[in-house]
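Reading through the C-alpha coordinates given below for one structure.
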Amino acid sequence: MSELSTIEIAGLHKSFGALEVLRGIDLAVEPGEVVCVIGPSGSGKSTLLRCVNLLEEPSSGTIHVAGVDVTDPDCDIDAVRRRIGMVFQQFNLFGHLTVRENVTIAQRRVLKRGRAEAARIATENLERVGLVDKAAAYPAQLSGGQQQRAAIARALAMDPELMLFDEPTSALDPELVGEVLAVMRGLAAEGMTMLVVTHEMAFAREVASRVVFMDGGVIVEQGPPEQVFGAPREARTREFLHRVLEPTRVSEAEIRGDDV
Amino acid sequence: MKLSRRRRQRIVRVAGYIVFALVIAGALGAADWGRLSEAFFRLDVARSMFPEAITVALRNTIVYTLLAFVFGLTLGLILALMRLSSILPYRWVATAYIELFRGLPALLVLFMVGYGVPLAFPDREIPGGVYGSVTVGLGLTAAAYMAETIRAGIQAVPKGQLEAARTLGMSHVRAMISIVLPQAFRIVIPPLTNEIILLTKDTSLVYVLGVTPATIELTKFAGDALNTRVNPTPLVVAGLLYLVITLPLSQVVRALERRASRER
(Lines give C-alpha, C1' and ligand atoms only; values in the text may rest on other atoms or scores of the structure.)
Protein backbone atom coordinates (compact mmCIF):
# COMPACT_ATOMS: atom_id res chain seq x y z
CA MET A 1 0.00 0.00 0.00
CA SER A 2 1.53 3.26 -1.06
CA GLU A 3 -1.19 5.62 0.01
CA LEU A 4 -4.06 4.23 2.02
CA SER A 5 -6.51 2.68 -0.44
CA THR A 6 -10.17 2.86 0.47
CA ILE A 7 -10.58 -0.82 -0.35
CA GLU A 8 -7.74 -3.28 -0.69
CA ILE A 9 -8.73 -6.85 -1.54
CA ALA A 10 -6.08 -9.55 -1.79
CA GLY A 11 -6.48 -13.23 -2.71
CA LEU A 12 -10.19 -13.28 -1.88
CA HIS A 13 -11.91 -16.66 -2.13
CA LYS A 14 -15.52 -17.39 -1.19
CA SER A 15 -17.34 -20.70 -1.35
CA PHE A 16 -20.93 -21.58 -0.58
CA GLY A 17 -20.59 -25.26 0.27
CA ALA A 18 -19.01 -26.93 -2.72
CA LEU A 19 -19.72 -23.95 -4.97
CA GLU A 20 -16.73 -21.66 -5.31
CA VAL A 21 -18.14 -18.24 -6.15
CA LEU A 22 -14.99 -16.13 -5.83
CA ARG A 23 -11.73 -17.70 -6.97
CA GLY A 24 -8.94 -15.31 -6.11
CA ILE A 25 -9.85 -11.63 -6.35
CA ASP A 26 -7.29 -8.84 -6.06
CA LEU A 27 -8.74 -5.38 -6.30
CA ALA A 28 -7.94 -1.94 -4.91
CA VAL A 29 -10.26 1.05 -4.88
CA GLU A 30 -8.59 4.41 -4.31
CA PRO A 31 -10.24 7.38 -2.59
CA GLY A 32 -12.59 9.22 -4.95
CA GLU A 33 -12.69 6.40 -7.48
CA VAL A 34 -15.93 5.12 -8.95
CA VAL A 35 -15.41 1.46 -9.79
CA CYS A 36 -18.17 -0.30 -11.70
CA VAL A 37 -18.23 -4.10 -11.60
CA ILE A 38 -19.95 -5.71 -14.58
CA GLY A 39 -20.34 -9.31 -15.65
CA PRO A 40 -22.89 -12.06 -16.22
CA SER A 41 -25.21 -13.31 -13.46
CA GLY A 42 -23.49 -15.75 -11.17
CA SER A 43 -20.07 -14.29 -11.86
CA GLY A 44 -19.64 -13.36 -8.19
CA LYS A 45 -20.08 -9.57 -8.50
CA SER A 46 -22.59 -9.22 -5.68
CA THR A 47 -20.72 -11.67 -3.48
CA LEU A 48 -17.57 -9.60 -3.94
CA LEU A 49 -19.43 -6.47 -2.89
CA ARG A 50 -21.01 -8.20 0.10
CA CYS A 51 -17.62 -9.43 1.26
CA VAL A 52 -16.37 -5.85 1.54
CA ASN A 53 -18.64 -5.12 4.52
CA LEU A 54 -18.67 -8.74 5.63
CA LEU A 55 -22.31 -9.50 4.84
CA GLU A 56 -20.60 -12.59 3.47
CA GLU A 57 -17.69 -14.09 5.35
CA PRO A 58 -14.74 -14.65 2.99
CA SER A 59 -13.38 -18.20 2.87
CA SER A 60 -9.83 -16.91 2.53
CA GLY A 61 -7.95 -13.78 1.59
CA THR A 62 -7.86 -10.33 3.17
CA ILE A 63 -9.93 -7.20 2.78
CA HIS A 64 -8.80 -3.85 4.14
CA VAL A 65 -11.26 -0.98 4.27
CA ALA A 66 -9.58 2.37 4.95
CA GLY A 67 -6.68 0.51 6.49
CA VAL A 68 -8.78 -1.73 8.76
CA ASP A 69 -8.54 -5.46 8.15
CA VAL A 70 -12.22 -6.48 8.17
CA THR A 71 -11.27 -10.16 7.81
CA ASP A 72 -9.48 -10.00 11.17
CA PRO A 73 -11.78 -11.82 13.64
CA ASP A 74 -10.96 -9.17 16.25
CA CYS A 75 -12.05 -6.29 14.03
CA ASP A 76 -15.09 -4.32 15.26
CA ILE A 77 -17.20 -4.90 12.18
CA ASP A 78 -20.05 -2.65 13.37
CA ALA A 79 -17.59 0.25 13.58
CA VAL A 80 -16.29 -0.44 10.07
CA ARG A 81 -19.80 -0.78 8.63
CA ARG A 82 -20.68 2.68 9.96
CA ARG A 83 -18.16 4.06 7.49
CA ILE A 84 -19.47 2.03 4.54
CA GLY A 85 -22.84 2.93 3.02
CA MET A 86 -24.65 0.16 1.17
CA VAL A 87 -27.55 0.28 -1.27
CA PHE A 88 -29.37 -2.93 -2.12
CA GLN A 89 -31.17 -4.16 -5.20
CA GLN A 90 -34.37 -4.64 -3.17
CA PHE A 91 -34.02 -1.24 -1.39
CA ASN A 92 -34.57 -2.86 2.03
CA LEU A 93 -36.16 0.22 3.53
CA PHE A 94 -37.56 -0.47 6.99
CA GLY A 95 -41.25 -1.07 6.27
CA HIS A 96 -42.54 -0.10 9.71
CA LEU A 97 -40.84 3.32 9.70
CA THR A 98 -41.51 6.47 7.72
CA VAL A 99 -38.94 7.73 5.23
CA ARG A 100 -37.68 10.25 7.78
CA GLU A 101 -37.42 7.59 10.50
CA ASN A 102 -35.58 5.33 8.07
CA VAL A 103 -32.99 8.06 7.64
CA THR A 104 -32.74 8.97 11.34
CA ILE A 105 -32.89 5.64 13.17
CA ALA A 106 -29.26 4.59 12.65
CA GLN A 107 -28.05 8.15 13.27
CA ARG A 108 -29.81 8.06 16.62
CA ARG A 109 -29.13 4.47 17.65
CA VAL A 110 -25.65 3.98 16.19
CA LEU A 111 -24.04 7.40 15.97
CA LYS A 112 -25.97 8.59 19.08
CA ARG A 113 -26.83 11.89 17.41
CA GLY A 114 -29.43 14.05 19.12
CA ARG A 115 -32.98 14.20 17.81
CA ALA A 116 -32.61 17.67 16.29
CA GLU A 117 -29.27 16.96 14.67
CA ALA A 118 -30.47 13.67 13.20
CA ALA A 119 -33.58 15.38 11.83
CA ARG A 120 -31.51 18.16 10.28
CA ILE A 121 -29.13 15.70 8.60
CA ALA A 122 -32.09 13.62 7.43
CA THR A 123 -33.65 16.67 5.81
CA GLU A 124 -30.37 17.58 4.11
CA ASN A 125 -30.01 14.13 2.62
CA LEU A 126 -33.66 13.84 1.63
CA GLU A 127 -33.27 17.19 -0.13
CA ARG A 128 -30.27 15.88 -1.94
CA VAL A 129 -32.24 12.92 -3.33
CA GLY A 130 -35.36 15.03 -3.91
CA LEU A 131 -37.63 13.38 -1.35
CA VAL A 132 -38.23 16.01 1.36
CA ASP A 133 -41.94 16.06 0.51
CA LYS A 134 -42.12 12.27 1.10
CA ALA A 135 -40.49 12.36 4.55
CA ALA A 136 -43.71 11.38 6.32
CA ALA A 137 -44.62 8.61 3.87
CA TYR A 138 -44.12 4.90 4.50
CA PRO A 139 -41.98 2.92 2.06
CA ALA A 140 -44.99 0.99 0.74
CA GLN A 141 -46.47 4.32 -0.43
CA LEU A 142 -43.46 5.13 -2.62
CA SER A 143 -42.48 4.06 -6.12
CA GLY A 144 -39.43 1.85 -6.51
CA GLY A 145 -37.33 4.77 -7.67
CA GLN A 146 -38.37 6.85 -4.66
CA GLN A 147 -37.67 3.94 -2.32
CA GLN A 148 -34.20 3.50 -3.74
CA ARG A 149 -33.46 7.22 -3.44
CA ALA A 150 -34.65 7.11 0.18
CA ALA A 151 -32.32 4.15 0.75
CA ILE A 152 -29.44 6.19 -0.64
CA ALA A 153 -30.33 9.07 1.68
CA ARG A 154 -30.42 6.63 4.61
CA ALA A 155 -26.88 5.46 3.81
CA LEU A 156 -25.57 8.99 3.20
CA ALA A 157 -26.91 10.24 6.53
CA MET A 158 -24.21 8.16 8.24
CA ASP A 159 -21.49 10.21 6.48
CA PRO A 160 -19.87 7.15 4.86
CA GLU A 161 -16.40 7.27 3.39
CA LEU A 162 -17.39 4.68 0.83
CA MET A 163 -20.61 3.64 -0.86
CA LEU A 164 -21.39 0.13 -2.09
CA PHE A 165 -24.18 -0.24 -4.67
CA ASP A 166 -25.49 -3.75 -5.31
CA GLU A 167 -27.40 -3.60 -8.60
CA PRO A 168 -29.32 -0.54 -7.38
CA THR A 169 -31.52 -0.23 -10.48
CA SER A 170 -32.13 -3.89 -11.33
CA ALA A 171 -35.46 -4.11 -9.48
CA LEU A 172 -36.80 -0.87 -10.95
CA ASP A 173 -39.27 -0.31 -13.76
CA PRO A 174 -37.31 1.06 -16.73
CA GLU A 175 -38.76 4.57 -16.47
CA LEU A 176 -37.56 4.87 -12.83
CA VAL A 177 -33.94 3.92 -13.46
CA GLY A 178 -32.92 7.40 -14.53
CA GLU A 179 -33.79 9.17 -11.27
CA VAL A 180 -31.64 6.76 -9.24
CA LEU A 181 -28.72 6.98 -11.65
CA ALA A 182 -28.97 10.79 -11.51
CA VAL A 183 -28.49 10.72 -7.73
CA MET A 184 -25.55 8.34 -8.09
CA ARG A 185 -23.99 10.50 -10.80
CA GLY A 186 -24.26 13.49 -8.49
CA LEU A 187 -22.55 11.56 -5.70
CA ALA A 188 -19.72 10.55 -8.01
CA ALA A 189 -19.27 14.16 -9.11
CA GLU A 190 -18.90 15.19 -5.45
CA GLY A 191 -15.99 12.79 -5.12
CA MET A 192 -17.65 9.94 -3.20
CA THR A 193 -15.70 6.68 -3.40
CA MET A 194 -18.08 4.17 -4.95
CA LEU A 195 -18.02 0.45 -5.75
CA VAL A 196 -21.00 -0.26 -8.00
CA VAL A 197 -22.25 -3.63 -9.23
CA THR A 198 -24.46 -2.76 -12.18
CA HIS A 199 -26.02 -3.84 -15.44
CA GLU A 200 -26.32 -0.22 -16.57
CA MET A 201 -23.56 -0.12 -19.16
CA ALA A 202 -24.28 3.48 -20.16
CA PHE A 203 -23.83 4.54 -16.53
CA ALA A 204 -20.59 2.59 -16.19
CA ARG A 205 -19.26 4.02 -19.43
CA GLU A 206 -20.08 7.58 -18.44
CA VAL A 207 -19.45 7.74 -14.70
CA ALA A 208 -16.92 5.03 -13.83
CA SER A 209 -13.28 5.88 -13.37
CA ARG A 210 -12.60 2.17 -13.77
CA VAL A 211 -14.62 -0.78 -15.04
CA VAL A 212 -14.04 -4.29 -13.72
CA PHE A 213 -15.34 -7.22 -15.75
CA MET A 214 -15.89 -10.42 -13.74
CA ASP A 215 -16.76 -13.88 -14.97
CA GLY A 216 -16.61 -17.24 -13.22
CA GLY A 217 -15.43 -15.80 -9.91
CA VAL A 218 -12.37 -14.01 -11.24
CA ILE A 219 -11.61 -10.55 -12.59
CA VAL A 220 -11.18 -11.11 -16.31
CA GLU A 221 -10.30 -7.59 -17.27
CA GLN A 222 -10.29 -4.10 -15.82
CA GLY A 223 -9.42 -0.63 -17.00
CA PRO A 224 -10.84 2.76 -17.86
CA PRO A 225 -14.30 2.55 -19.44
CA GLU A 226 -13.05 3.67 -22.86
CA GLN A 227 -10.73 0.70 -22.89
CA VAL A 228 -13.05 -2.00 -21.50
CA PHE A 229 -16.02 -0.90 -23.60
CA GLY A 230 -14.10 0.46 -26.61
CA ALA A 231 -11.32 -2.06 -27.01
CA PRO A 232 -11.81 -5.07 -24.71
CA ARG A 233 -8.74 -7.30 -24.70
CA GLU A 234 -10.38 -10.54 -23.59
CA ALA A 235 -12.68 -12.67 -25.73
CA ARG A 236 -15.02 -13.25 -22.76
CA THR A 237 -15.41 -9.51 -22.25
CA ARG A 238 -16.15 -9.00 -25.94
CA GLU A 239 -18.78 -11.75 -25.91
CA PHE A 240 -20.46 -10.39 -22.77
CA LEU A 241 -20.55 -6.82 -24.09
CA HIS A 242 -21.88 -8.05 -27.43
CA ARG A 243 -24.73 -9.86 -25.69
CA VAL A 244 -25.55 -6.99 -23.35
CA LEU A 245 -25.12 -4.04 -25.67
CA GLU A 246 -26.52 -5.63 -28.84
CA PRO A 247 -29.12 -8.13 -27.59
CA THR A 248 -31.06 -8.00 -30.86
CA ARG A 249 -28.00 -9.05 -32.83
CA VAL A 250 -27.25 -12.24 -30.88
CA SER A 251 -27.51 -15.04 -33.43
CA GLU A 252 -29.09 -18.44 -32.89
CA ALA A 253 -25.77 -20.05 -33.68
CA GLU A 254 -24.22 -18.31 -30.66
CA ILE A 255 -26.79 -19.49 -28.14
CA ARG A 256 -26.42 -23.05 -29.42
CA GLY A 257 -22.76 -22.75 -28.53
CA ASP A 258 -21.54 -23.16 -32.11
CA ASP A 259 -18.36 -21.41 -33.08
CA VAL A 260 -19.13 -17.82 -33.91
CA MET B 1 -86.98 -33.15 -21.95
CA LYS B 2 -83.58 -31.51 -21.82
CA LEU B 3 -83.19 -28.74 -19.30
CA SER B 4 -81.03 -25.73 -20.05
CA ARG B 5 -78.17 -25.12 -17.69
CA ARG B 6 -79.78 -22.05 -16.26
CA ARG B 7 -83.08 -23.84 -15.59
CA ARG B 8 -81.33 -26.71 -13.94
CA GLN B 9 -79.39 -24.38 -11.64
CA ARG B 10 -82.57 -22.57 -10.69
CA ILE B 11 -84.37 -25.81 -9.81
CA VAL B 12 -81.46 -27.00 -7.67
CA ARG B 13 -81.31 -23.71 -5.82
CA VAL B 14 -85.04 -23.55 -5.14
CA ALA B 15 -84.99 -27.17 -3.93
CA GLY B 16 -82.15 -26.23 -1.56
CA TYR B 17 -84.14 -23.41 -0.01
CA ILE B 18 -87.22 -25.63 0.36
CA VAL B 19 -85.27 -28.34 2.20
CA PHE B 20 -83.75 -25.72 4.50
CA ALA B 21 -87.15 -24.20 5.30
CA LEU B 22 -88.69 -27.62 5.98
CA VAL B 23 -85.91 -28.62 8.39
CA ILE B 24 -86.15 -25.34 10.30
CA ALA B 25 -89.93 -25.47 10.45
CA GLY B 26 -89.80 -29.09 11.61
CA ALA B 27 -87.32 -28.24 14.37
CA LEU B 28 -89.36 -25.24 15.52
CA GLY B 29 -92.55 -27.25 15.53
CA ALA B 30 -91.06 -30.19 17.37
CA ALA B 31 -89.44 -28.07 20.08
CA ASP B 32 -91.19 -27.78 23.40
CA TRP B 33 -90.98 -24.02 23.78
CA GLY B 34 -92.36 -23.88 27.26
CA ARG B 35 -89.87 -26.42 28.54
CA LEU B 36 -86.99 -24.78 26.68
CA SER B 37 -87.53 -21.29 28.01
CA GLU B 38 -88.25 -22.71 31.47
CA ALA B 39 -84.87 -24.50 31.42
CA PHE B 40 -82.54 -22.13 29.64
CA PHE B 41 -84.09 -18.69 29.71
CA ARG B 42 -85.41 -18.15 33.25
CA LEU B 43 -85.06 -14.40 33.63
CA ASP B 44 -85.30 -14.51 37.43
CA VAL B 45 -82.45 -17.02 37.59
CA ALA B 46 -80.39 -14.95 35.18
CA ARG B 47 -81.09 -11.77 37.12
CA SER B 48 -79.99 -13.34 40.39
CA MET B 49 -76.51 -13.90 38.91
CA PHE B 50 -75.88 -10.19 38.51
CA PRO B 51 -73.94 -8.09 39.24
CA GLU B 52 -71.44 -10.77 40.45
CA ALA B 53 -71.43 -12.43 37.02
CA ILE B 54 -69.75 -9.33 35.69
CA THR B 55 -67.99 -7.74 38.65
CA VAL B 56 -66.41 -10.99 39.83
CA ALA B 57 -66.70 -13.84 37.31
CA LEU B 58 -66.25 -11.98 34.04
CA ARG B 59 -63.60 -9.76 35.59
CA ASN B 60 -61.59 -12.74 36.86
CA THR B 61 -61.88 -14.51 33.51
CA ILE B 62 -60.40 -11.45 31.82
CA VAL B 63 -57.70 -11.03 34.48
CA TYR B 64 -56.66 -14.71 34.23
CA THR B 65 -56.56 -14.42 30.45
CA LEU B 66 -54.41 -11.30 30.46
CA LEU B 67 -52.01 -12.60 33.12
CA ALA B 68 -51.50 -15.91 31.30
CA PHE B 69 -51.18 -14.06 27.99
CA VAL B 70 -48.50 -11.67 29.21
CA PHE B 71 -46.60 -14.52 30.88
CA GLY B 72 -46.94 -16.71 27.79
CA LEU B 73 -45.99 -13.90 25.41
CA THR B 74 -42.84 -13.06 27.35
CA LEU B 75 -41.76 -16.68 27.66
CA GLY B 76 -42.82 -17.33 24.07
CA LEU B 77 -40.66 -14.47 22.78
CA ILE B 78 -37.66 -15.80 24.71
CA LEU B 79 -38.28 -19.31 23.36
CA ALA B 80 -38.66 -18.02 19.80
CA LEU B 81 -35.35 -16.17 20.02
CA MET B 82 -33.72 -19.27 21.52
CA ARG B 83 -35.16 -21.37 18.73
CA LEU B 84 -33.50 -19.06 16.18
CA SER B 85 -30.25 -18.77 18.13
CA SER B 86 -26.96 -19.78 16.56
CA ILE B 87 -26.11 -21.55 19.83
CA LEU B 88 -27.17 -25.17 19.48
CA PRO B 89 -28.09 -25.94 23.14
CA TYR B 90 -30.49 -22.96 23.14
CA ARG B 91 -32.21 -24.39 20.08
CA TRP B 92 -32.40 -27.81 21.75
CA VAL B 93 -33.94 -26.46 24.93
CA ALA B 94 -36.48 -24.33 23.07
CA THR B 95 -37.46 -27.15 20.72
CA ALA B 96 -37.81 -29.61 23.60
CA TYR B 97 -39.94 -27.15 25.57
CA ILE B 98 -42.22 -26.41 22.65
CA GLU B 99 -42.71 -30.07 21.73
CA LEU B 100 -43.37 -30.97 25.39
CA PHE B 101 -45.93 -28.29 26.21
CA ARG B 102 -47.72 -28.48 22.88
CA GLY B 103 -48.16 -32.17 23.51
CA LEU B 104 -49.59 -31.96 27.03
CA PRO B 105 -53.22 -31.14 27.88
CA ALA B 106 -53.55 -27.69 29.47
CA LEU B 107 -55.49 -29.28 32.33
CA LEU B 108 -52.61 -31.63 33.16
CA VAL B 109 -50.16 -28.71 33.26
CA LEU B 110 -52.55 -26.77 35.47
CA PHE B 111 -52.79 -29.72 37.88
CA MET B 112 -49.01 -29.97 37.90
CA VAL B 113 -48.55 -26.30 38.73
CA GLY B 114 -51.46 -26.14 41.18
CA TYR B 115 -50.88 -29.42 43.07
CA GLY B 116 -47.80 -31.22 41.80
CA VAL B 117 -45.28 -28.47 42.43
CA PRO B 118 -46.67 -27.48 45.89
CA LEU B 119 -46.54 -31.16 46.94
CA ALA B 120 -42.94 -31.45 45.78
CA PHE B 121 -41.84 -28.17 47.35
CA PRO B 122 -44.08 -27.62 50.38
CA ASP B 123 -41.84 -24.86 51.74
CA ARG B 124 -42.06 -22.76 48.56
CA GLU B 125 -45.09 -21.35 46.88
CA ILE B 126 -45.91 -19.56 43.66
CA PRO B 127 -46.49 -15.89 44.53
CA GLY B 128 -49.92 -14.43 43.93
CA GLY B 129 -51.96 -17.41 45.15
CA VAL B 130 -54.51 -18.65 42.60
CA TYR B 131 -53.64 -15.75 40.29
CA GLY B 132 -50.00 -16.78 40.26
CA SER B 133 -50.79 -20.46 39.70
CA VAL B 134 -53.15 -19.62 36.83
CA THR B 135 -50.60 -17.29 35.23
CA VAL B 136 -47.97 -19.99 35.24
CA GLY B 137 -50.27 -22.96 34.70
CA LEU B 138 -51.96 -21.58 31.60
CA GLY B 139 -49.03 -19.43 30.48
CA LEU B 140 -46.61 -22.36 30.21
CA THR B 141 -48.79 -24.01 27.58
CA ALA B 142 -49.63 -20.76 25.81
CA ALA B 143 -45.91 -19.91 25.60
CA ALA B 144 -45.24 -23.02 23.53
CA TYR B 145 -47.83 -22.04 20.93
CA MET B 146 -46.86 -18.38 20.92
CA ALA B 147 -43.15 -19.24 20.54
CA GLU B 148 -43.91 -20.99 17.27
CA THR B 149 -46.10 -18.10 16.09
CA ILE B 150 -43.45 -15.50 16.94
CA ARG B 151 -40.70 -17.58 15.35
CA ALA B 152 -42.70 -17.74 12.13
CA GLY B 153 -43.24 -13.97 12.35
CA ILE B 154 -39.53 -13.27 12.77
CA GLN B 155 -38.72 -15.54 9.84
CA ALA B 156 -41.34 -13.78 7.72
CA VAL B 157 -39.43 -10.49 7.99
CA PRO B 158 -37.28 -10.39 4.85
CA LYS B 159 -33.59 -11.12 5.43
CA GLY B 160 -32.70 -7.84 3.72
CA GLN B 161 -34.16 -5.91 6.67
CA LEU B 162 -31.59 -7.36 9.05
CA GLU B 163 -28.83 -6.92 6.47
CA ALA B 164 -29.74 -3.27 5.92
CA ALA B 165 -29.72 -2.65 9.67
CA ARG B 166 -26.36 -4.39 10.14
CA THR B 167 -24.95 -2.44 7.20
CA LEU B 168 -25.83 0.79 9.01
CA GLY B 169 -23.64 -0.34 11.88
CA MET B 170 -26.32 -1.71 14.20
CA SER B 171 -25.36 -4.70 16.34
CA HIS B 172 -27.39 -7.89 15.90
CA VAL B 173 -29.29 -7.23 19.12
CA ARG B 174 -30.02 -3.60 18.23
CA ALA B 175 -31.20 -4.63 14.75
CA MET B 176 -33.52 -7.25 16.24
CA ILE B 177 -35.00 -4.76 18.72
CA SER B 178 -35.36 -1.77 16.39
CA ILE B 179 -36.01 -3.37 13.01
CA VAL B 180 -36.93 -7.06 12.99
CA LEU B 181 -39.12 -7.57 16.07
CA PRO B 182 -41.43 -4.57 15.46
CA GLN B 183 -42.16 -5.91 11.98
CA ALA B 184 -42.46 -9.49 13.20
CA PHE B 185 -45.05 -8.48 15.81
CA ARG B 186 -47.08 -6.66 13.18
CA ILE B 187 -47.20 -9.91 11.24
CA VAL B 188 -48.23 -12.04 14.22
CA ILE B 189 -50.88 -9.80 15.76
CA PRO B 190 -53.76 -11.75 14.17
CA PRO B 191 -52.54 -15.22 15.29
CA LEU B 192 -51.67 -13.83 18.74
CA THR B 193 -55.18 -12.44 19.07
CA ASN B 194 -56.47 -15.92 18.27
CA GLU B 195 -54.24 -17.14 21.08
CA ILE B 196 -56.00 -14.74 23.49
CA ILE B 197 -59.34 -16.22 22.42
CA LEU B 198 -58.08 -19.74 23.12
CA LEU B 199 -56.69 -18.62 26.49
CA THR B 200 -60.00 -16.99 27.40
CA LYS B 201 -61.70 -20.34 27.01
CA ASP B 202 -58.91 -22.22 28.80
CA THR B 203 -59.48 -20.10 31.92
CA SER B 204 -62.57 -22.32 32.42
CA LEU B 205 -60.10 -24.98 33.64
CA VAL B 206 -59.08 -22.81 36.57
CA TYR B 207 -61.82 -24.23 38.84
CA VAL B 208 -59.69 -27.35 39.41
CA LEU B 209 -57.38 -25.19 41.54
CA GLY B 210 -60.19 -24.76 44.05
CA VAL B 211 -61.20 -21.15 43.64
CA THR B 212 -62.82 -19.00 46.33
CA PRO B 213 -65.83 -16.72 45.81
CA ALA B 214 -63.36 -13.90 45.19
CA THR B 215 -61.30 -15.71 42.58
CA ILE B 216 -64.14 -17.50 40.78
CA GLU B 217 -64.36 -17.31 36.99
CA LEU B 218 -67.29 -17.61 34.58
CA THR B 219 -67.57 -21.39 34.13
CA LYS B 220 -67.27 -22.28 37.81
CA PHE B 221 -69.58 -19.39 38.69
CA ALA B 222 -72.20 -20.72 36.26
CA GLY B 223 -71.68 -24.26 37.51
CA ASP B 224 -72.30 -23.19 41.12
CA ALA B 225 -75.41 -21.29 40.13
CA LEU B 226 -76.60 -24.35 38.18
CA ASN B 227 -76.28 -26.41 41.37
CA THR B 228 -78.03 -24.00 43.71
CA ARG B 229 -80.90 -23.09 41.36
CA VAL B 230 -81.14 -26.55 39.74
CA ASN B 231 -81.66 -24.78 36.43
CA PRO B 232 -79.36 -24.55 33.39
CA THR B 233 -80.04 -20.85 32.65
CA PRO B 234 -76.69 -19.82 34.29
CA LEU B 235 -74.84 -21.82 31.63
CA VAL B 236 -76.49 -19.73 28.91
CA VAL B 237 -75.60 -16.53 30.75
CA ALA B 238 -71.97 -17.61 31.10
CA GLY B 239 -71.85 -18.58 27.43
CA LEU B 240 -73.13 -15.16 26.41
CA LEU B 241 -70.54 -13.46 28.63
CA TYR B 242 -67.73 -15.49 27.00
CA LEU B 243 -68.99 -14.29 23.65
CA VAL B 244 -68.84 -10.71 24.96
CA ILE B 245 -65.06 -11.24 25.19
CA THR B 246 -64.36 -13.42 22.19
CA LEU B 247 -66.62 -11.98 19.48
CA PRO B 248 -65.04 -8.50 19.52
CA LEU B 249 -61.61 -10.16 19.50
CA SER B 250 -62.42 -12.18 16.41
CA GLN B 251 -63.69 -8.99 14.78
CA VAL B 252 -60.34 -7.38 15.60
CA VAL B 253 -58.49 -10.35 14.06
CA ARG B 254 -60.60 -10.12 10.90
CA ALA B 255 -60.04 -6.35 10.60
CA LEU B 256 -56.29 -6.74 11.13
CA GLU B 257 -56.09 -9.51 8.54
CA ARG B 258 -57.99 -7.37 6.04
CA ARG B 259 -55.61 -4.49 6.65
CA ALA B 260 -52.55 -6.72 6.39
CA SER B 261 -53.71 -8.13 3.05
CA ARG B 262 -54.18 -4.59 1.75
CA GLU B 263 -50.78 -3.34 2.88
CA ARG B 264 -48.52 -6.03 1.45
key: Part of A/L93 within contact of chain B (heavy atom distance under 4.5 Å)   = backbone
remark   = Comparing A/V110, A/D78, A/L111 against chain B, the one with the most heavy-atom pairs below 4.5 Å turns out to be A/D78
Short N-O contact, B/E163 and B/K159, less than 4.0 angstrom = yes
message = Quick check on the interface: out of A/L164, A/L97, A/V80, A/I105, who has the most heavy-atom pairs with chain B under 4.5 Å?
response = A/I105
key: A/S5 side chain to A/E30 side chain, donor-acceptor N/O pair below 3.5 angstrom   = yes
message = Taking side chain as everything from C-beta outward and backbone as N, CA, C, O, which of these in A/M86 sits under 4.5 Å from a heavy atom of chain B? Side chain, backbone, both or neither.
response = both
remark   = ring pair (Phe, Tyr, Trp, His ring centres under 6.0 Å) pairs touching residues 125-144 of chain B, sequence neighbours excluded, are B/Y64-B/Y131
request  = Using the salt bridge (Lys or Arg N to Asp or Glu O under 4.0 Å) rule, take B/E148 and B/R151 through it: C-alpha gap first, then chi angles, then the decisive distance, then the call.
outcome  = CA-CA 5 Å; B/E148 283 297 87; B/R151 177 186 62 80; 3.2 Å; yes
message = Counting heavy-atom pairs closer than 4.5 Å to chain B, which one of A/R82, A/R109, A/Q107 comes out on top?
response = A/R109
request  = Heavy-atom distances under 4.5 Å only: say whether B/R174 touches chain A with side chain, backbone, both or neither.
outcome  = side chain
Using distance only, find each side-chain donor-acceptor pair of residues 94-110 of chain B under 3.5 Å and give its atom names and separation, not counting sequence neighbours.
residue	atom	partner	partner atom	Å
B/T95	OG1	B/R83	NE	3.3
B/T95	OG1	B/R91	O	2.7
B/Y97	OH	B/L140	O	2.7
B/E99	OE2	B/R102	NH2	3.3

message = Salt bridge or not between A/D76 and A/R81? Use side-chain N to carboxylate O under 4.0 Å.
response = no
remark   = Looking only at A/Q90, A/R154, A/Q141, the option with the highest number of non-hydrogen pairs under 4.5 Å against chain B is A/R154
key: Contacting region of A/I84 [heavy-atom separation from chain B under 4.5 Å]   = backbone
